[in-house]
Amino acid sequence: MEKGGVCSPDVVSYTTVIHGLLKEGEVSKACSLFDEMVQQGVVPNVVTYSSIIDALCKAGAMDKTELVLWQMVDSGIQPDNVTYTSMIHGYSTLGRWKEAGKMFREMTSRGIIPDVVTWTSFMTSLCKHGRSREATGIIDYMSAKCHKPNIVLYSILFHGYATEGCFDDMINLLDSMANNAIVPNRQVFSILVDAYAKRGMMDEAMPIFTGMCEQGVIRDVYRWGQGVSPESTVGRLADALNKFVR
DNA sequence: CTAGGGTTAG
């Protein structure tokens with residue numbers, strides 16, 4: 001593309017290509033293009049910087065990320081909730097809770113509100129690090145801030161508790177779901193089945209499953225047991241549940 | 001009708 005011509009790229013086209021290059025791991029090419037962009041007098045904006053920050057976060061290069069964030073603010077560009085979500089994602093994936101917390105404080109002090117994407121990312125990290133109870137606490141915080149948790153968020157928590165073997169917490173979570181008027185779906189059901197079946201706790205499991213069936217999950221359950229060995233624990237459970245279907 | 005952030009299963 002010729003400079004100064006009618007076809008010279010703007011910030012959107014540069015950012016789009018930079019993002020594409022980063023996604024493919026072509027970091028040095030992306031850097032060159034960023035330099036070229038600046039030389040052409042095209043000013044990078046919050047999207048350009050956020051793309052770079054996100055790529056660095058995903059590479060776990062948090063020190064470099066901090067430098068870019070600093071450079072961004074220094075050029076008078078305010079980070080937004082996307083920028084901070086990437087930072088929080090980067091730190092929490094690495095289990096660096098202190099720094100993640102610092103990012104939360106920084107963003108709120110700038111008047112930027114974490115949204116469902118920010119929370120989903122953060123809660124997933126907590127659960128993967130065996131901190132499902134802390135992640136669950138965020139649900140209450142979100143509700144208080146009028147941010148409705150969704151079924152995916154609950155699934156993440158169920159999966160975390162299932163991995164940790166925290167059965168009482170899973171039952172509490174079902175109550176929390178009911179309070180937020182969210183009906184368990186097939187995936188939630190499967191996570192629960194797997195958690196109990198793996199530990200041979202079918203007696204505890206049955207009342208919950210029956211309750212779920214009454215909430216209409218049974219139509220999905222019907223197909224669920226197919227392809228499972230009928231002799232296996234899970235297979236026998238599926239068989240029992242299928243009797244609820246007429 | 002301008003690009004960027006997340007995600008649960010057997």
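Keep in mind the model is a prediction, meaning the values are calculated, not measured. So that the names make sense, note that chain A is the first sequence line, chain B the second, and so on, each numbered from 1.
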* To do: Return the nearest nucleotide to the side chain of A/Val82; candidates are B/dT2, B/dG5, B/dG6.
  => B/dG5
* **Per A/Ser86 side chain, nearest of listed nucleotides B/dA9, B/dG4, B/dG5** => B/dG5
* Structure fact -> A/Ile156 CD1 to B/dA9 P, in whole Å, measures 9 Å
* Among A/Asp54, A/Val73, A/Leu69, A/Ile77, which residue meets the side chain to side chain contact (heavy atoms under 4.5 Å, CB included) test with A/Tyr49? -> A/Ile77
* Considering only B/dT2, B/dG6, B/dT8, which nucleotide approaches the side chain of A/His89 most closely? -> B/dG6
* May I ask whether A/Val117 and A/Val82 are part of the same hydrophobic cluster, defined by side-chain heavy atoms of I, L, V, M, F, W, Y residues being less than 4.5 angstrom apart, directly or through others? => no
* Asked: For the pair made of CG in A/Asn45 and P in B/dG5, what is the distance, rounded to whole Å?
  -> 14 Å
* Tell me: CG of A/Leu157 to C1' of B/dT8, nearest whole Å? -> 9 Å
* **Listed nucleotide nearest any side-chain atom of A/Gln187, set B/dT8, B/dG5, B/dA3** => B/dT8
* **Which nucleotide in B/dG6, B/dA3, B/dA9 has an atom nearest any side-chain atom of A/Val117** => B/dG6
* Parallel, tilted or perpendicular, as decided by the 30° and 60° cut-offs, for the rings of A/Tyr196 and A/Phe167 -> tilted
* Compare the minimum distances between each of B/dA3, B/dT7, B/dG5 and the side chain of A/Thr120, then state the nucleotide with the smallest one. => B/dT7
* To the nearest Å, how far apart are A/Ile18 CD1 and B/dG5 P? -> 14 Å
* Asked: A/Lys23 side chain N/O closer than 4.0 Å to the phosphate oxygens (OP1, OP2) of B/dG4?
  -> no
* Asked: Between atom CZ in A/Phe122 and atom C1' in B/dT8, what is the gap in whole Å?
  -> 18 Å
* Across the strands shown, which category fits A/Thr15 at heavy-atom distances under 4.0 angstrom: base, sugar-phosphate, nothing? -> base
* Report the nucleotide, chosen from B/dG4, B/dG10, B/dG5, that has the shortest atom-to-atom distance to any side-chain atom of A/Thr118. => B/dG5
* To do: Could you check how far CG of A/Asp10 sits from P of B/dA3, rounded to whole Å?
  => 11 Å
* Asked: Looking across every strand, which nucleic acid part, if any, lies under 4.0 Å from A/Val46 by heavy atom: base, sugar-phosphate, or nothing?
  -> base
* Have a look at A/Thr85 and say if it touches a base, only the backbone sugar-phosphate, or nothing, with a 4.0 Å heavy-atom cut-off. => base
* Distance in angstrom units between A/Asn150 CG and B/dG6 P, rounded -> 15 Å
* Asked: Does A/Ile113 belong to the same Ile/Leu/Val/Met/Phe/Trp/Tyr cluster as A/Val116, with side-chain heavy atoms less than 4.5 Å apart forming each link?
  -> no
* To do: Flag yes if more than 12 heavy atoms outside A/Asp168 fall under 6.0 Å of its CG atom; otherwise flag no.
  => no
* Structure fact -> Side-chain atoms of A/Asn81 come closest, of B/dA9, B/dG4, B/dG5, to B/dG5
* Do A/Phe104 and A/Trp97 make the cut of ring centroids closer than 6.0 angstrom? -> no
* Asked: Of the candidate nucleotides B/dT8, B/dG4, B/dA9, which contains the atom at the shortest distance from the side chain of A/Ser190?
  -> B/dA9
* To do: Write down the distance between NE2 (A/His159) and C1' (B/dG6), rounded to a whole number of angstrom.
  => 16 Å
* Less than 3.5 Å between a donor and an acceptor, one on the side chain of A/Asp80 and one on the base of B/dG5, is that the case here? -> no
* Asked: Where the side chain of A/Val152 is concerned, which of B/dT8, B/dG6, B/dA3 is the nearest nucleotide?
  -> B/dT8
* Counting just side-chain N and O atoms, does A/His19 come under 4.0 Å of either OP1 or OP2 of B/dG4? -> yes
